[in-house]
Amino acid sequence: MATYNKIQVEDKNEGEKIAWAQSKTKIIFGDDDLAIRCDTRQRDIPVTVDVCMDDQNNLTIGTGTGRYYVAQVEIPAQKFVEVEDPAEDAQEAAETAEGAEDKDTANTRKTHTEAVPLDMADVKLILWSLDDLQPAED
């Protein structure tokens, strides 16, 4: 069973903040009003998700329809590691290389790149005050 670290939380300004909860790699805002799965939004560059409130106090993602900032979620860039293939794959590669001239069997190990699962401890949640709503900018 995987364990999930708690996210970093920063208060942008003083005052009451939106209710939120963390469930594995998901951040849930309000009373299940909006949820963000951080692992599916992770890319090869850092991603910032703006959580805003519109004129009817509905939560939105992005500043297009949102009028006021409520929170920002900063998701780090995806990390990758080089992983050696299982022994039988390496053995098969070595056998193939035996017949070839000038092949170095040390270089026959097969590897592949794997994405490292998102560590939620690297995700930052920035909370804005609901008392003094700041206009969202495109």
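Just so it is clear, the model here is predicted, and its values are computed rather than measured.
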>> Please evaluate residues T25 and M120 with respect to the criterion side chain to side chain contact (heavy atoms under 4.5 Å, CB included), reporting the C-alpha separation (whole Å), side-chain torsions for both, the decisive distance (0.1 Å), and the verdict.
In response: CA-CA 6 Å; T25 60; M120 289 298 284; 4.0 Å; yes
With [X], which residues qualify under side-chain contact (heavy atoms from CB on, under 4.5 Å), at least two apart?
| X | value |
| --- | --- |
| A35 | K26, I28 |
| T113 | F80, E82 |
| D119 | N5, A121, D122 |

[X]: side chain to side chain donor-acceptor pair (under 3.5 Å) partners, not counting sequence neighbours:
| X | answer |
| --- | --- |
| T48 | none |
| T40 | none |
| Q78 | none |

Looking only at heavy atoms, which two atoms of [X] and [Y] are closest? And how far apart?
| X | Y | value |
| --- | --- | --- |
| A71 | F29 | CB-CE2, 3.8 Å |
| V51 | L34 | CG1-CD2, 4.0 Å |
| L130 | M53 | CD2-CE, 4.0 Å |
| Y69 | C52 | CD2-SG, 4.0 Å |

> Got a second to check how far K79's NZ is from E114's CD, nearest 0.5 Å?
Replying inline: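 K79 atom NZ to E114 atom CD measures 16.0 Å (nearest 0.5 Å).
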>> Can you tell me how far apart CD1 (I27) and CG (L125) are? Round to the nearest 0.5 Å.
In response: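 That separation rounds to 5.0 Å.
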> So which pairs with a foot in residues 36-55 pass ring pair (Phe, Tyr, Trp, His ring centres under 6.0 Å), sequence neighbours left out?
Replying inline: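 Output for this query is empty, none listed.
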>> Walk me through whether V73 and V123 qualify under side chain to side chain contact (heavy atoms under 4.5 Å, CB included).
In response: CA-CA 7 Å; V73 180; V123 174; 3.9 Å; yes
> So which pairs with a foot in residues 35-59 pass salt bridge (Lys or Arg N to Asp or Glu O under 4.0 Å), sequence neighbours left out?
Replying inline: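 Qualifying pairs, neighbours excluded: R37-D39, D55-R67.
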> For V83, which fellow cluster members are found when Ile, Leu, Val, Met, Phe, Trp and Tyr are connected by side-chain heavy-atom distances below 4.5 angstrom, either directly or through intermediates?
Replying inline: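 V81, V116, listed by chain and number.
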With a 3.5 Å cut-off and sequence neighbours excluded, list the donor-acceptor pairs that the side chains of residues 12-20 form with protein atoms.
| residue | atom | partner | partner atom | Å |
| --- | --- | --- | --- | --- |
| N13 | OD1 | S129 | N | 2.7 |
| K17 | NZ | N13 | O | 2.3 |
| K17 | NZ | G15 | O | 3.0 |

> Can you list the residues that meet the salt bridge (Lys or Arg N to Asp or Glu O under 4.0 Å) rule with K124, with sequence neighbours excluded?
Replying inline: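 In terms of salt bridge (Lys or Arg N to Asp or Glu O under 4.0 Å), with neighbours along the sequence ignored, K124 is linked to E10.
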>> Using the rule given for side chain to side chain contact (heavy atoms under 4.5 Å, CB included), can you reason through Y68 versus V70, listing the C-alpha separation, both sets of side-chain angles and the distance that settles it, and then say yes or no?
In response: CA-CA 6 Å; Y68 307 103; V70 173; 5.6 Å; no
>> Measuring only between side-chain heavy atoms, which start at C-beta, is V47 closer than 4.5 Å to C38?
In response: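 A side-chain contact is absent here, since even the closest heavy-atom pair is not under 4.5 Å.
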